[in-house]
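Okay, so here's the structure we're looking at.
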Protein chains: 2
Amino acid sequence: MSDAKLVGSDRVLAVLAELARHPNGIGLEEMARAVDSSKPTVHRALASLRRAGFAAQNGHGRYLLGNEFLRMAFAHQEARPDHVRVMPVLEALCDRYGETVHYAVLDGTSVVYRSKLDPPAGAVRLTSVVGGRNPAHCTAVGKILLAEALRDEDAVRAWVGDRTLERPSERSIGTAEELHAELVRIRDQGYATDDQENEPGVNCVAVPAYLTSPTVPSGAISVSGLAYRTPLRKLVNDLPAIRAIVTEKDPW
Amino acid sequence: MSDAKLVGSDRVLAVLAELARHPNGIGLEEMARAVDSSKPTVHRALASLRRAGFAAQNGHGRYLLGNEFLRMAFAHQEARPDHVRVMPVLEALCDRYGETVHYAVLDGTSVVYRSKLDPPAGAVRLTSVVGGRNPAHCTAVGKILLAEALRDEDAVRAWVGDRTLERPSERSIGTAEELHAELVRIRDQGYATDDQENEPGVNCVAVPAYLTSPTVPSGAISVSGLAYRTPLRKLVNDLPAIRAIVTEKDPW
DNA sequence: GATATAAGTTCCAATTATTGGAAGATTATG
DNA sequence: CATAATCTTCCAATAATTGGAACTTATATC
């Protein structure tokens with residue numbers, strides 16, 4: 001967001017985004033500071049949002065995201081075609097392994113999580129969230145999709161460009177050379193792993209998902225585990241069974 | 001929404017709401033018809049939404065809800081205090097019974113679902129959704145909360161007012177007298193049931209939840225079951241165990 | 001309970017943004 | 001390739017938005 005002041009609907013959407021960052025609610029003055037606008041202007045923006053059901057006011061006059069906003073988002077997600085298609089697979093994997101499972105797609109240099117399923121039992125939650133993103137080069141879902149998309153070292157170098165690859169953990173890949181070598185391994189073995197590369201303490205394996213075509217993956221499916229209770233070796237040993245579950249549900 | 005044409009930010013929010021109704025995407029002209037506006041106007045509204053990350057355009061020029069919108073909503077929900085507080089209970093119940101569980105609060109004459117957890121295994125999905133609502137008088141969560149809030153027949157009559165209580169199924173309560181009698185029973189037994197009253201084929205039991213006070217319920221927790229595989233009698237027999245799980249996680 | 005402070009709400013003159021018909025550009029279809 | 005469908009841009013005319021000031025309500029303090 002530039003230094004330029006927001007106007008009209010851009011400002012209302014900024015207010016909506018700011019509301020979402022405050023699960024405990026926010027006051028009018030704090031919101032006005034956050035979006036760099038006067039109180040009457042923010043008051044009118046909140047009035048618009050309230051009319052749409054996207055904001056509400058609690059008993060103390062503080063503003064909260066409204067029910068309708070959450071209903072819209074959750075209902076939309078339930079009806080999303082790729083979500084509907086992938087859920088039987090995610091349910092089967094989640095039920096079988098008792099770990100968090102994801103479906104993600106490439107989006108630029110990141111992966112975006114389209115679907116996520118947590119087991120009911122299991123105290124610790126991962127930081128991924130539907131609609132959220134992570135760098136593709138240090139996630140299992142990202143690497144399996146890059147293995148398909150970047151078939152040689154020139155393609156890998158072009159993809160990296162002049163960026164410095166971010167390294168969320170010490171185990172993260174940091175250079176085009178390392179990434180290329182990893183993608184060669186992945187193509188050879190047909191799956192990708194994340195050995196605490198994206199998030200310390202979290203392991204993951206991923207395979208491609210063919211939701212819309214028998215030959216071009218639409219995304220990738222992963223099974224994650226907390227390193228202390230689900231070593232990567234165990235996840236890797238389960239790959240034949242994981243593939244079988246994923247393939248069994250293919251529409252091909 | 002009145003017949004009056006929407007302007008400015010109200011229109012942008014209407015476009016956002018309409019986008020959410022189209023998980024397969026929507027074209028510009030269809031959207032213009034849906035929000036009763038000209039194409040250039042809707043085009044600018046979509047441009048605002050795209051700047052905020054709330055809309056995106058697929059390869060065919062059709063518009064979809066954007067990743068950022070879903071991320072915001074899902075991340076917000078994960079951080080919502082009542083959701084954080086109730087999740088350990090819902091996880092324990094869902095793991096134990098392998099059925100869908102909810103936490104809901106009263107909102108006017110409806111209940112609003114604040115949290116929902118589905119078991120990984122189980123083919124059929126219920127229609128409830130986070131942020132969504134149902135009439136209080138024909139849901140287990142609604143009835144247990146009304147039992148607490150409406151202590152005598154006058155209060156029940158006042159609550160019904162001059163409304164005709166909607167009856168989503170033949171088993172739904174339809175009069176103030178019937179509702180009062182039911183609430184007396186519920187107060188006596190300390191739990192509520194939904195014997196396919198809100199949704200054909202779905203049974204449910206609910207108990208009050210004391211997330212923020214030891215004496216005033218903040219909402220209700222329910223365990224639902226499909227009638228064909230989880231008879232209501234079985235859910236009722238499980239109530240002592242359900243209560244134990246709910247109480248064990250109380251912060252009191 | 002009275003007073004002060006904090007926060008939300010309304011007013012309205014001045015200013016800026018929005019609107020939609022028309023036209024242009026791009027994509028899809030036969 | 002021609003045509004139709006759909007998305008995108010332009011700009012004169014029109015309407016909405018803005019924020020300082022003031023008002024109202026709620027909360028905190030003495």
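Sequence lines set the chain letters: A, B, ... in the order given, protein chains first and strands last, and positions in each chain run from 1. Note: hydrogens, waters and symmetry copies are ignored here, and every other heavy atom, side chains too, is used.
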Name the pairs: protein N/O against N/O of nucleotides 14-20 of chain C, kept only if under 3.5 Å.
from	atom 1	to	atom 2	distance (Å)
C/dT19	OP1	B/Gly8	N	3.0
C/dT19	OP1	B/Arg11	NE	3.4
C/dT19	OP1	B/Arg11	NH2	2.9
C/dG20	OP2	B/Ser38	OG	3.2
C/dG20	OP2	B/Thr41	OG1	2.5
C/dG20	O6	B/Arg44	NH1	3.1

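Between the P atom of C/dT10 and the CG atom of A/Leu28 lies a distance of 11 Å, rounded to the nearest Å. Rounded to whole Å, atom C1' of C/dT9 lies 16 Å from atom CE of A/Met31.
Applying the salt bridge (charged side-chain N to carboxylate O under 4.0 Å, His left out) test to every pair with at least one member in residues 58-74 of chain A, sequence neighbours left out, gives these pairs: A/Glu68-A/Arg71.
Residue B/His43 places no side-chain N or O under 4.0 Å from the OP1 or OP2 atom of D/dC7. Distances shorter than 4.0 Å separate some side-chain N or O of A/Gln57 from OP1 or OP2 on C/dT9.
Residues that satisfy the ring pair (Phe, Tyr, Trp, His ring centres under 6.0 Å) test with B/Phe74, not counting sequence neighbours, are A/Phe74. For A/Arg133, the salt bridge (Lys or Arg N to Asp or Glu O under 4.0 Å) partners are A/Asp107, not counting sequence neighbours. Residues meeting the salt bridge (Lys or Arg N to Asp or Glu O under 4.0 Å) test with B/Glu78, sequence neighbours left out: none. Every residue two or more places apart in sequence or in another chain was checked for a salt bridge (Lys or Arg N to Asp or Glu O under 4.0 Å) with A/Glu148, and none qualifies. Legend: residues meeting side-chain hydrogen bond (donor to acceptor under 3.5 Å, both in side chains) with A/Ser115, ordered by chain and number and at least two apart, are A/His83. In this structure, the side-chain hydrogen bond (donor to acceptor under 3.5 Å, both in side chains) partners of A/Glu182, at least two apart in sequence or on a different chain, are A/Lys143, A/Arg185. Residues forming a side-chain hydrogen bond (donor to acceptor under 3.5 Å, both in side chains) with A/Ser110 (at least two apart in sequence, or on another chain): none. Remark: A/Glu30 pairs with no residue by the side-chain hydrogen bond (donor to acceptor under 3.5 Å, both in side chains) rule, at least two apart or across chains.
Note that the two end axes of the helix from C/dG1-D/dC30 to C/dG30-D/dC1 enclose an angle of 70°, each drawn from 5 base pairs, rounded to 10 degrees.
Using bins of under 30°, 30° to 60° and over 60° for the plane-to-plane angle, the ring pair B/His43/B/Tyr63 lands in the perpendicular bin.
Using a 4.0 Å cut-off on heavy atoms, the residues of residues 58-66 of chain A that approach DNA chain C are A/Gly61, A/Tyr63, listed by number.
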